[in-house]
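The structure appears below as structure tokens.
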Amino acid sequence: VESVTREFNVTTATDLSKSEEFQDIVIRNVNGMPVRMGDAGLFNALLRRERSIVSDRPGTTRDFVESFIELGGFRMKLIDTAGLRTADESIEAQGITMGAEAAASAEIVLYLTTPEDRSPEHPEGSHLVHNKRDLDQYQAPLAVSASTGDGLSALEAFLESELRAR
């Protein structure tokens, strides 16, 4: 069984009026879950436009794809990175390594789930974001559907509140 972890990074600046420093927030798929967790779709949904390629094929994202959004006075740099998995070739392996390095410096980690497993183990201090709620009508504070937009406002409010608490 191939071990798969999909990453989606959100790099955020603290309140623009206070600082130019950035903090990292990483959204990742849970170890062992399929690559098609919807991180690129969630990236696009938060941007409100198509920026990252969404595909059924594993390994589509090989390098960083990034873009900025503003939420509640915070400028956030969203970064979609290659997922963590066993790579079939060296270019993908390099992208996976770069993604792991970005995740290692993150202050906030959000783990992405799908209907296949809504209660995975995750590190203490991290938060679960339940994607694809349109498929199972899952109810939780951070349940979203990247494809329909359902729950995105709650996720955005959560990100803003996490930044305000710092």
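- With sequence neighbours excluded, no residue forms a salt bridge (Lys or Arg N to Asp or Glu O under 4.0 Å) with Arg51.
- Ionic pairing of Glu70 and Arg48 is not present here: no N-O contact between side-chain nitrogen and carboxylate oxygen is shorter than 4.0 angstrom.
- By the 4.5 Å heavy-atom criterion applied to side chains, Leu112 and Asp39 are counted as neighbours.
- The closest side-chain heavy-atom distance from Val54 to Asn44 is below 4.5 Å.
- The two residues Leu142 and Ala154 make their nearest non-hydrogen contact at CD2-O, 4.2 Å.
- Considering every non-hydrogen atom in both Ala45 and Leu152, the closest pair reads CB-CD1, 3.5 Å.
- The side chain to side chain donor-acceptor pair (under 3.5 Å) test applied to Gln137 returns no partner, not counting sequence neighbours.
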- From CA spacing to verdict: side-chain hydrogen bond (donor to acceptor under 3.5 Å, both in side chains), Thr113, Arg118: CA-CA 6 Å; Thr113 75; Arg118 293 295 190 194; 3.1 Å; yes
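- Under the rule for a side-chain contact (heavy atoms from CB on, under 4.5 Å), the partners of Ala140 that lie at least two apart in sequence or sit in another chain are His130, Tyr138, Ala143.
- With sequence neighbours excluded, the residues that form a salt bridge (Lys or Arg N to Asp or Glu O under 4.0 Å) with Glu160 are Arg164.
- Annotation: side chain of Leu42 is in contact with side chain of Leu155 (closest heavy-atom distance under 4.5 Å).
- Scanning both residues, Phe68 and Leu47, for their nearest heavy atoms gives O-CD2, 4.1 Å.
- Remark: Ile91 CD1 is loosely packed, at most 12 non-hydrogen atoms of other residues, nucleotides or ligands lying under 6.0 Å away.
- A side-chain donor-acceptor contact under 3.5 Å links Ser145 and Asp134.
- Annotation: salt bridge (Lys or Arg N to Asp or Glu O under 4.0 Å) contacts of Arg49 (sequence neighbours excluded): none.
- Pro120 has its side chain within reach of Leu128: a pair of non-hydrogen atoms, C-beta onward, lies under 4.5 Å apart.
- Between Asn131 and Ala146, the closest heavy-atom pair is OD1-N, 3.2 Å.
- Among pairs with a residue in residues 144-166, those fulfilling ring-ring contact (aromatic ring centres under 6.0 Å, His included) read His127-Phe158, at least two apart in sequence or across chains.
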